[in-house]
Amino acid sequence: MPEATHVASGKVREIYALGERELLLVASDRISTFDVVLPTEIPDKGRVLTGLSAFWFARTGDIVGNHLLAVRPDGRSLECRRLRMLPVEFVVRGYLAGSGWVEYRDTAAICGHRLPPGLVESERLPEPILTPATKAMEGHDLNITEAEAEELCGGGAYTAARAAALALYRFAADRAYDSGLILADTKFELGLDEAGVVTLGDEALTPDSSRFWPADDYAPGRTQASFDKQYVRDWCLATGWDRTAPGPALPDDVVAGTRARYVEAFERITGIAFERYVDDPQVVLCA
């Protein structure tokens with residue numbers, strides 16, 4: 001790409017500059033668990049992340065603007081506006097799962113939110129809550145309180161981003177439920193555009209950034225089947241891996257099972273056959 005200059009690598013994405021005002025985000029097929037990139041890739045994973053992000057960007061612009069400019073024909077690259085990213089992740093939880101469940105079990109609260117006593121794993125919360133986290137280029141993100149997040153972001157930006165994140169979650173949760181999925185929790189990254197307006201960036205509502213459960217199998221009080229990376233996490237932990245680099249190589253059946261879960265999530269959410277998207281990525285932008 002002679003027009004692009006490589007500027008950064010993330011766990012999954014390669015980031016290129018397209019001049020001074022635009023970026024190209026290329027989603028690889030890498031997969032990470034517990035913040036460690038595994039040596040085995042998942043075929044088409046990057047296309048699923050790109051296609052789903054573009055699908056949601058195209059449908060949530062009336063809630064909050066986003067950085068999307070175009071989807072490239074490879075189906076894994078997004079041309080985007082540059083943003084000045086806020087220094088926290090906006091995690092919205094509608095159900096008690098993952099690290100939220102662990103913290104609630106120990107303290108009856110999550111990131112400073114006091115919750116009713118007696119809730120069980122995977123239970124739906126009375127209202128969605130926002131539980132911000134710091135961004136870590138290496139190692140684990142750290143949960144923080146909303147007061148701490150507001151101090152990091154600035155009051156006006158945090159208030160606008162908080163409202164956008166909660167509205168995005170509610171919209172997506174309703175849409176996902178209509179597709180037979182529960183959106184248990186998700187994280188958003190937001191920034192400021194050239195005019196200082198809060199804008200949605202990075203990816204949105206993908207199996208990498210969200211916890212999707214099949215609604216017809218949902219039962220509180222236990223861990224749920226999911227379309228996120230939990231399948232890979234469970235396999236990795238079963239090997240006795242200590243969650244430090246290097247991670248274990250994945251066997252063929254785990255690779256195939258993980259790819260199938262990502263593709264199924266794409267098709268259930270969008271209502272579009274994945275092969276159709278591969279042939280014509282623009283299809284996810286159509287209402």
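These numbers come from a predicted model, not from an experiment.
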Does CZ in R276 sit with more than 12 non-hydrogen atoms of other residues, nucleotides or ligands closer than 6.0 Å?
no
For E41 and S28, test the side chains for any donor-to-acceptor distance below 3.5 angstrom and give the result as yes or no.
no
Just do the salt bridge (Lys or Arg N to Asp or Glu O under 4.0 Å) check on R30 and E14 with the steps written out, would you?
CA-CA 11 Å; R30 298 191 294 267; E14 299 296 333; 3.1 Å; yes
For R81, is there an ion pair with E22 - N to carboxylate O distance below 4.0 angstrom?
no
Salt-bridge criterion met for R13 and E203 (N-O under 4.0 Å)
yes
I'd like to know if the side chain of T134 and the backbone of L142 have a donor-acceptor N/O pair within less than 3.5 Å.
yes
Would you say V92 and L183 make side-chain contact, with heavy atoms under 4.5 Å?
no
Is it true that, when you exclude R105 itself, more than 12 heavy atoms of the residues, nucleotides or ligands shown sit nearer than 6.0 Å to its CZ?
yes
Group every Ile, Leu, Val, Met, Phe, Trp and Tyr by side-chain heavy-atom contacts under 4.5 Å, then state whether Y231 and L52 land in the same group.
yes
Under 3.5 Å, is there a donor-acceptor pair between the D242 and T244 side chains?
yes
Decide yes or no on side chain to side chain contact (heavy atoms under 4.5 Å, CB included) for E3 and Y16, but give the supporting numbers first.
CA-CA 9 Å; E3 79 282 14; Y16 297 82; over 6 Å; no
Besides M85, the hydrophobic cluster formed by Ile, Leu, Val, Met, Phe, Trp and Tyr side chains linked at under 4.5 Å, directly or via other members, contains L83
Quick check on the hydrophobic clustering: are L25 and Y277 connected, directly or via other members, by side-chain heavy-atom contacts under 4.5 Å?
no
Has the side chain of E267 got a donor or acceptor atom that lies under 3.5 Å from a matching backbone atom of F274?
yes
What is the distance from atom CG of L168 to atom CD1 of I63, rounded to the nearest 0.5 Å?
5.0 Å
I'd like to know if R211 and D185 make a salt bridge, using a cut-off of under 4.0 Å between side-chain N and carboxylate O.
yes
Atom pair CD1 (I272) and CG (D280), whose distance is rounded to the nearest 0.5 Å
9.5 Å
Decide if atom CD of E151 counts as having more than 12 heavy atoms of other residues, nucleotides or ligands within a radius under 6.0 Å.
no
Side chain to side chain, F90 and P132, heavy atoms closer than 4.5 Å
no
Is it possible for you to check whether R93 lies under 6.0 Å from the centre of the six-membered ring of Y95, through NZ or CZ, and within 45° of that ring's axis?
no
To the nearest 0.5 Å, what is the distance between CG (L205) and OG (S53)?
8.0 Å
Within the structure provided, determine whether V48 and K45 are in side-chain contact (heavy-atom separation under 4.5 Å).
no
Separation between CH2 (W213) and OG1 (T223), nearest 0.5 Å, reads 8.5 Å
Would you please name every residue forming a ring-ring contact (aromatic ring centres under 6.0 Å, His included) with F227, sequence neighbours left out?
none
R21, CZ atom: more than 12 neighbouring heavy atoms under 6.0 Å
no
Are E146 and Y158 close enough that a side-chain donor and a side-chain acceptor fall under 3.5 Å?
yes
Donor-acceptor contact present, side-chain H113 to main-chain L115, <3.5 Å:
no
Do T186 and V91 touch side chain to side chain, with heavy atoms closer than 4.5 Å?
no
Taking E150 for the side chain and A147 for the main chain, is one N or O donor matched with an acceptor at less than 3.5 Å?
no
Between Y262 and R47 (side chain of the first, backbone of the second, donor and acceptor by atom type, cut-off under 3.5 Å), is there such a pair?
no
Ignoring hydrogens and angles, tell me if any N or O in the side chain of T199 forms a donor-acceptor pair with the backbone of N66 under 3.5 Å.
no
Flag, side chain of S226 to backbone of F212, donor-acceptor distance under 3.5 Å
no
Is there side-chain contact between T33 and L38, with heavy atoms separated by less than 4.5 Å?
yes
Backbone N/O of R76 and side chain of T50: donor-acceptor pair under 3.5 Å
yes
K229 side-chain N/O to S32 backbone N/O, donor-acceptor pair under 3.5 Å:
yes
Before accepting this row, confirm whether a basic side-chain N of the pair D202/K187 lies closer than 4.0 Å to the acidic partner's carboxylate O.
no
Taking D74 for its side chain and S77 for its backbone only, find out whether a donor-acceptor pair lies under 3.5 Å.
yes
